[in-house]
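All values reported here derive from a predicted model rather than from experimental measurement. Order of the sequence lines sets the chain letters (A, B, ...), proteins ahead of strands, with each chain counted from 1.
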Amino acid sequence: MTLFELSNIHRNFALGETRVHALRGVDLTISRGESVAIWGPSGSGKSTLLNLLGLIDAPDEGTVRFEGRDARTLSDDALTDCRNRKIGFVFQGFNLVPVLTALENVMLPLQIQGLEGGAARRRAGEWLARVGLERFAGFRPDKLSGGQRQRVAIARALVTGPALVIADEPTANLDSENSRAVIDLLQHLNAETGVTCVFSTHDPRLLEHVPRRVRLVDGRIEEAQP
Amino acid sequence: MKTLQLGIRNLRRNARRSLTTLLSIAFGFAAVALFSGYTREVYRGLTLQAVHGELIGHLNLARRGMKQEGRLHPERYLLRPPEIAQISRIVHEQYPQALVAPRLGLSGLVSNGHVSTIFLADGVAPADMKALRGPRDRSGTLSADAPQGIAMARGLAALLGMEDGDDVSLLVSTVHGQANAADATVIDRYSTGNAGLEDKALFVPLALAQSLYDAPDQADRLTILLPDIALTDAARARLAPAFAAAGLDLEISTWQELSAFYRQVKGMFDMIFAFILAIVLTIVVMSVTNAMSMAVVERTREIGTLRAMGLRRAGVVRLFVTEALLLVGLGCAAGLALTLLARAGVNAAGLSYTPPNGTGSVLLLVGLDGGRMAFTAGVLGLLGLAAAVFPARRAARRPVTESLAHV
């Protein structure tokens, strides 16, 4: 079943006097439960594509359909609520809130939903355990290693039971061992929960076990496997 | 994580900046609170001085036109015994516990037998004077047992070399314009608290004043002392139609209207208060705006993350508004503590000063003006809110991708 459908997507940015064509006519369909790697060199448009999939950006041309609905028809609040309930984000720089503990960071999306504190705490605790960090629940981000922070971010992305997890270069700030572990964790959670995972990377070594790979070059899909 | 807890942690995250902002609010609040507490004490003192010290009472009744033409045609404006009785009855119907005191003003020459000088006398019955004085100190009090006994302002007494028990002669012009004189005895001396009156003022028994003025049982005005000063305006509003219905054409003045000194001092202090408040608010607003703007800029990426996770724009604004209100709330609480400490210190120090136009020193006392403190805290809260709303709104409206890319 189709989760995302991107048709003829163009996205341009002004960089001073220069106009940058980040995406040039991208067509992409992503089904529920898929695990997709968007890869390519720096500046190929990976982050732009992921921002569109995460409903935090809109194309200049073309249509983004999420669960069959045209994203352009949704108000800012509707898009925001949609992100909260259906999309989880894992960022390259982890983007954990520094004044919150690991557990509180994971609780955040649930509390934004309005879930009562006790229930949010229980569910966040379960997710921290699933990423192997239950012992670090009370630690603030600055007391965690890079790999641990990214696992907290993954737990935070998945705690609401989203349909899609977007991970933009989730391994860029990690060593190779931690990078492998993070990708394996995403793959494992994809298999276990059925959540659709889309991540970007410019490191081809991380693609070995990813079932679907989409290669972007200069804003165009050059190669889509399988 | 509740918004409030998150706000507290974010304030602690930038402890030094938060402390600086909080202290600017606290000192600003304390400055306003201490000044308003001081003026409150001054107003209280001036009120007591006007109502009880100058014997103005709460309301003053006189025949309409008395102020303008009473000197030219005194006989037209004096209140006669039937009118005084009628007025008293009407006042007592509305306020049974009120005092209605007939008064008669006089001016003339006072002599010690060697030198003479002018005087301004106020005729009042000794019993009424006692009631009008209320809780004030009793210096300058007349006695029902001394029908010729007068109270003399200290400055006038010094001018004439008078001590208690000395005799003086009072020379006045009667209501009909003829000269009249009487002997009197100084039975008390008092300080008027007003340099302009200190070498002229006398209190004389009403009966002596009426005799000197040749206006038996008459008065040029009636002073009303109500059970409570707070009733003043309401009483005027209630009494005016009652007098009119009885065919009495009277002018009713409140003590504030009659005490020019009170009005002038209050007007000046109110202006200074507004000036200080404006300065404090400017400093505090700049301080809070700076703190909030920096917090918003520093946390732009965090705002992007929260927005990506599903926090609505209003939620972002709420976060920063909560922080600003926390800062203002804590700042005001610290300011209140500072105020109480400083107030206790000043009041315990027993400092005194001589007010403008005063005749003696008065204690420097600082009270608590709850109304103005609440007003200041409210205005600070509103301005703090505005200081947070604008940068937070701007940040919340920024595209999420831009916020996330912020370095």
Can you tell me how far [atom2] of [Y] sits from [atom1] of [X], rounded to the nearest 0.5 angstrom?
X	Y	atom1	atom2	answer
B/Leu6	A/Leu100	CG	CG	5.5 Å
A/Asn84	B/Leu311	CG	CG	9.0 Å
B/Thr3	A/Gln111	OG1	CD	9.0 Å
B/Met309	A/Gln113	CE	CD	11.5 Å

Exercise for the section: With sequence neighbours excluded, tell me which residues meet ring-ring contact (aromatic ring centres under 6.0 Å, His included) with B/Tyr43. Expected result: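 Partners of B/Tyr43 under the ring-ring contact (aromatic ring centres under 6.0 Å, His included) test: none.
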
Around atom [atom1] of [X], are there more than 12 heavy atoms of other residues, nucleotides or ligands at under 6.0 Å?
X	atom1	answer
B/Arg12	CZ	no
B/Arg393	CZ	no
A/Arg32	CZ	yes
B/Phe390	CZ	no
A/Phe13	CZ	yes

Handout entry: Those residues of residues 40-63 of chain A, ordered by number, that approach chain B below 4.5 Å (heavy atom to heavy atom)
Key =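 Answer by number: A/Asn51, A/Ile56, A/Asp57.
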
Practice task
Output all residues satisfying side-chain contact (heavy atoms from CB on, under 4.5 Å) with A/Asp218, sequence neighbours left out; order by chain, then residue number.
Solution key: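 So A/Asp218 forms no side-chain contact (heavy atoms from CB on, under 4.5 Å) with any residue.
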
Exercise for the section: Show your working on salt bridge (Lys or Arg N to Asp or Glu O under 4.0 Å) between A/Asp81 and B/Arg312 and close with a plain yes or no. Expected result: CA-CA 8 Å; A/Asp81 293 346; B/Arg312 290 184 176 192; 2.4 Å; yes

Exercise for the section: Keeping the roles fixed (side chain from B/Arg307, backbone from A/Thr80), state whether a donor-acceptor pair exists under 3.5 Å. Expected result: no

Problem - chain B contact via A/Arg85 - side chain, backbone, both or neither, heavy atoms under 4.5 Å - result: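 Neither; nothing under 4.5 Å.
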
Exercise for the section: Take A/Asn95 and B/Glu302, measure what side-chain contact (heavy atoms from CB on, under 4.5 Å) needs, and give me the verdict at the end. Expected result: CA-CA 7 Å; A/Asn95 291 25; B/Glu302 187 179 311; over 6 Å; no

Handout entry: Atom group of B/Leu306 that falls short of 4.5 Å from chain A, counting heavy atoms
Key = both

Practice task
Search all heavy atoms of B/Arg9 against all heavy atoms of A/Thr101 and return the closest pair with its distance.
Solution key: NH1-N, 4.2 Å

Exercise for the section: Identify the two heavy atoms, one from A/Phe89 and one from B/Ala308, that lie closest to each other, and give their separation to 0.1 Å. Expected result: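 Minimum heavy-atom contact is CE1-O, 3.2 Å.
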
Handout entry: Any residue of residues 20-39 of chain B which, by heavy atoms, sits under 4.5 Å from chain A
Key =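 Result: none.
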
Handout entry: Largest heavy-atom contact set with chain B, pairs under 4.5 Å, which of A/Thr160, A/Asp76, A/Val97
Key = A/Asp76

